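Let me begin by presenting the structure, written as C-alpha cells, before commenting on it.
All values below come from the heavy atoms of this structure, side chains included, with hydrogens, waters and symmetry mates left out. Note that the coordinates shown come from a computational prediction; the quantities given were computed from them, not determined experimentally. This chain uses plain numbering: 1 for the first residue, then up along the sequence.
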Amino acid sequence: MLIYNSRDKAYKSKISALATDELCKFRIVVPRACHCSCAVLAVTKEGEDTAYYGMFWAGMCGDDFEYWELHFSATTEGLYFYHFELDTPWGKSFIKNIGDGKGDFTADGDDFQQTVYDKNFKTPDFLKGGIIYQIFPDRFYDSKEPKNNVPQSRVMRQWGDVPFWHEEQMNGIWNNDYFCGDLKGIEQKLQYIADLGVTCIYLNPIFEAHSNHRYDTADYETVDPLLGTEQDLKDLCTAARDKYGISIILDGVFSHTGCDSKYFNMYNRYDTVGAYNSISSPYFSWYKFIDYPDNYHAWWGIKLLPEIIEEEESYRDFICGKNGVLRKWLRCGISGWRLDVADELPDIFLDDLRVAVKEENENAIIIGEVWEDATTKFAYGERRRYFLGKQLDSVMNYPFADAILNFVKFGNGNAFFNSVMRIVENYPPQAINVLMNHIGTHDTERAITRLAGPDCEGQSREWQFNHNTLSDFDYLKGISMMKMASLIQFTLPGVPSVYYGDEIGMQGMKDPFNRACMDWENKNEELLKWYKRLGQIRNGAKALIDGEFVPVFCENSAIAYERISGENRILVAINNNDATSMIYVGEEWDNSYPYFDFKCENGYITLPAYRYAMFSR
C-alpha cells in the first residue's frame with residue numbers, strides 16, 4: 001500500500017493547482033508499526049519559511065495501517081512545496097516524492113509541488129472543447145488577388161517548389177523567398193477548415209516585415225502588403241466568425257523587432273527617425289545599445305533582430321496602451337494573441353498586456369510560447385508567474401507534444417502518463433482546458449517526419465534536404481502513426497492544434513522544410529478523412545471540453561485513460577505493441593458506445609497490434 005500518491009484522489013482531493021482559499025484534503029496511510037504519535041504537513045511557499053500544519057488521526061485502514069488527514073488552503077498565489085513529517089519512537093521520519101507522484105519514507109526525496117493561483121482567474125470559454133488550426137500565411141493559399149506596395153527586393157516563387165534552403169539560393173538575403181499566400185486565400189478556404197471541425201485559426205505573424213516568416217516586425221500597425229490589407233483581415237475575421245463560428249488569433253512578436261523597421265530603420269527604408277538613425281529618435285530608448293549605433297543586443301545574437309527593452313514605459317504604452325497595438329487589432333475582430341517567446345517578456349510587460357487585452361475583450365485569449373512546464377519556468381533570474389492568474393491564459397503545450405510523439409514512436413506508457421499527469425497536477429484547471437496541444441508547428445519538423453523519419457537533431461540543412469521525403473514504406477507507417485498520435489492529441493485535456501497540412505500527410509524536416517506550401521493537389525485522403533472524423537467526435541463530446549483526465553491502464557505500450565465530466569465519460573484505449581493486448585478497463589464499459597471497430601466484453605478490450613479504441617458513456 002502506498003504511503004501517499006499526489007495523483008490519486010484517495011490521498012489528495014484536488015489533482016491540480018488550487019485556487020486561493022480553496023480547501024484540499026490531504027491523506028497519508030501510515031503503517032501501524034511506525035507507532036506514529038504526530039504527523040504534520042510541512043509547506044514552504046517559495047521564498048518564505050516553512051509552515052507546519054498538524055494532521056489528525058482519522059482511523060484504521062485494515063489491521064496494519066492508519067489514516068492521518070488534514071484540510072489545507074493557501075491565502076496567496078504562488079508556488080508551494082510540501083512533504084510530510086512523522087514523530088516516531090525512533091525520531092522524525094519524512095515522506096517525500098520518490099517520482100510519479102508517489103510518496104515514501106525518505107529524507108533525500110524531493111518535495112511535492114502545489115501551484116496556487118488567484119481565485120478570480122478565468123480563461124475564455126470560446127476555445128474550450130474546440131480545435132485550433134495553425135497557418136503559416138505565406139504558404140497556405142494564394143487568392144491571386146493583386147498585391148500593392150510590395151517591396152521589389154522580394155523573390156517570388158512558384159507555388160509548391162521547395163523553399164530556399166541553400167545560402168547560394170538566397171543571394172545573401174535569408175528568408176526572402178515568398179509564395180504569395182494571403183489573407184484572402186485563407187478566407188477562400190474557410191469551408192475546408194470548417195470541415196475539419198476547427199473553431200479557431202492561429203496565424204503566424206501578419207504584420208509588415210521583410211522576411212517570409214515575419215518574426216522581424218517592421219510595422220506593428222500595418223498588415224504586410226503581400227498578405228493584403230487591414231480590411232482583408234477584418235473581412236476574414238467577420239466571415240470566419242459569422243459563417244463558420246471560427247475565431248482568429250494573431251501572433252504577437254514583442255521581444256524584438258526587425259532592424260529593417262520603422263522603429264530601428266537601419267537601412268532608411270522608412271521616413272521615420274529610427275533608433276539606429278539618431279539618439280534623439282523617439283524609439284531610441286526601446287533598444288539595448290552597447291556601442292552606438294552598430295553594436296547592440298540582438299535576439300539570440302541575430303543582428304537582424306534587435307532586442308526590445310520591454311520594461312521601457314513608452315514601448316509598453318505603444319503595445320499595451322489605450323490605443324496601443326493590442327487593442328487596435330482586437331478592435332479589427334481578432335479573438336486573442338499568441339505571444340512569441342513569452343519567456344523573454346518580463347512580468348511587468350505581461351501584466352500590462354493582460355490588463356489591456358482583457359479590458360478590450362474579457363473573452364480574448366492570451367497564449368504564451370513556453371516550451372517547458374509553465375509553472376516551474378525560470379527566466380529573467382526568477383520564477384515566472386504565468387499561471388498564477390494575472391498573465392497568461394494558456395501556453396503552447398510542448399510537454400504534451402513530446403509525451404504523445406515519444407509514446408507513439410517508442411511506446412513507453414508509463415513515461416507518457418507521467419508527463420501528462422505532471423502538467424495536470426501543476427496547472428490550473430482553467431488553463432488546462434485551453435492548452436494549445438500541438439504535435440508539430442513552424443518551429444519543429446512535421447509530425448509525420450518526426451514519427452516515421454530519421455532524427456534530424458543537430459543535422460545540417462543539406463542533410464535535412466536529402467532526408468526530407470520518407471520512403472513509401474515509412475510514409476505508410478507514418479500515416480498509421482499519425483492516426484494514433486492525433487487520437488491522443490484530440491482526447492487529452494486542452495485544445496488540439498493542427499499545423500496546416502498535417503491533416504493531409506505533409507512531411508518535412510525543420511525550417512524551412514516544415515514551412516512548405518500547402519499541397520492542395522496531393523492530399524492523403526485517408527488521413528484527411530480521419531481528421532474530419534476526430535473533429536466530429538470532439539465537437540460532440542462534453543467530456544472533451546472540461547473533463548477530468550484519469551489513467552485507467554498501463555502495461556508496457558498498452559494504455560487506457562478516461563475523460564470524465566459529470567455524466568459524460570470518454571474512454572480511449574491504445575495498443576502500441578507488436579502483439580495483441582487485452583486491456584482491462586472495468587465491466588462498466590461493457591455495452592458502451594464504440595466510435596471505432598472494437599468493443600468491451602467482461603471489462604476487457606482486446607486490441608490487435610497498433611490499434612486503438614474509443615468509447616462513450
Side-chain angles (χ1 to χ4, degrees), residues 7 99-102 371-373 396-425 435 437-441 443-459 463-464 467-494 496-499 502 505-510 514 527 530 534 549 551-561 572-584 605 607-614:
R7 299 173 183 175
D100 297 352
K102 297 180 176 65
W371 287 56
E372 306 85 3
D373 182 330
M396 300 180 72
N397 198 354
Y398 281 93
F400 274 17
D402 290 340
I404 295 167
L405 295 168
N406 288 337
F407 172 73
V408 174
K409 189 165 186 175
F410 304 115
N412 187 327
N414 185 66
F416 167 77
F417 276 135
N418 194 39
S419 296
V420 172
M421 288 305 300
R422 186 180 299 118
I423 297 301
V424 169
E425 274 194 288
L435 287 176
N437 292 344
H438 60 86
I439 56 174
T441 74
D443 284 326
T444 65
E445 61 268 52
R446 288 277 178 179
I448 194 171
T449 301
R450 178 168 170 181
L451 288 170
D455 185 1
C456 69
E457 199 62 40
Q459 299 289 356
W463 183 95
Q464 292 182 56
H467 294 80
N468 197 45
T469 303
L470 299 169
S471 68
D472 290 345
F473 174 83
D474 286 338
Y475 185 74
L476 289 175
K477 179 182 176 183
I479 293 297
S480 178
M481 298 172 85
M482 281 292 288
K483 288 183 176 182
M484 185 181 293
S486 55
L487 173 62
I488 300 172
Q489 177 193 16
F490 272 62
T491 54
L492 285 181
S497 179
V498 180
Y499 185 46
D502 277 0
M506 284 181 61
Q507 47 188 312
M509 291 289 178
K510 292 186 177 180
N514 58 352
L527 190 58
W530 171 260
L534 289 180
F549 178 84
V552 173
F553 181 92
C554 181
E555 188 173 288
N556 299 322
S557 298
I559 61 172
Y561 55 86
V572 177
I574 297 172
N575 178 24
N576 198 18
N577 292 293
D578 58 5
T580 296
S581 290
M582 294 184 65
I583 299 175
Y584 183 73
I605 303 168
L607 289 178
Y610 306 117
R611 297 301 298 275
Y612 28 78
M614 184 174 176

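Looking at L534 and S486, their side chains come closer than 4.5 Å, going by heavy atoms from C-beta outward. For the pair H467/C456, no side-chain contact is recorded, criterion being any heavy-atom separation below 4.5 Å from C-beta on.
Among all heavy-atom pairs drawn from N576 and G411, the shortest one is ND2-CA, 3.7 Å. A pairwise comparison of heavy atoms in M582 and F553 identifies O-CZ, 3.9 Å as the closest pair.
Between the side chain of Y612 and the backbone N or O of I488, no donor-acceptor pair lies under 3.5 Å. For S581 (side chain) and I583 (main-chain N/O), no donor-acceptor pair under 3.5 Å exists by modelled atom type. Under the 3.5 Å distance criterion, the side-chain polar atoms of Q489 are matched with a main-chain donor or acceptor of S497. Using modelled atom types, one side-chain atom of N412 and one backbone atom of N414 make a donor-acceptor pair closer than 3.5 Å. In this structure a side-chain-to-backbone donor-acceptor pair under 3.5 Å is present from T449 to G508. Using modelled atom types, no side-chain atom of N575 and backbone atom of A558 make a donor-acceptor pair closer than 3.5 Å. The backbone N or O of Q459 lies less than 3.5 Å from a partner atom in the side chain of Q464, making a donor-acceptor pair. Listed for the Q507 side chain is a donor-acceptor partner under 3.5 Å among the backbone atoms of L470. At least one donor-acceptor pair under 3.5 Å links the side chain of N468 to the backbone N or O of M509.
For T491, the side-chain hydrogen bond (donor to acceptor under 3.5 Å, both in side chains) criterion is met by Y561, not counting sequence neighbours. Listed by chain and residue number, R7, D100 satisfy the side-chain hydrogen bond (donor to acceptor under 3.5 Å, both in side chains) test with N418 (two or more places apart in sequence, or in another chain). Under the side-chain hydrogen bond (donor to acceptor under 3.5 Å, both in side chains) criterion, N437 pairs with N397, sequence neighbours left out.
Taking OG1 of T469 as the start and CG of D472 as the end, the distance is 10.5 Å to the nearest 0.5 Å. Note that CD1 of I448 and CG of D502 are 8.5 Å apart. Values are rounded to the nearest 0.5 Å. The CD atom of E445 lies 8.0 Å from the CG atom of N514; values are rounded to the nearest 0.5 Å. Taken from CE in M481 to OH in Y475, the straight-line distance is 14.0 Å, to the nearest 0.5 Å.
Considering K409, R422, R450 as possible partners of D402, the one that fulfils the salt bridge (Lys or Arg N to Asp or Glu O under 4.0 Å) test is R450. Of the residues N577, V408, I574, D578, the one that meets the side-chain contact (heavy atoms from CB on, under 4.5 Å) test with Y610 is D578.
Heavy atoms from other residues, nucleotides or ligands lying under 6.0 Å from NZ of K477 number 12 at most.
In this structure, W371 has its ring center at least 6.0 angstrom away from the ring center of F400.
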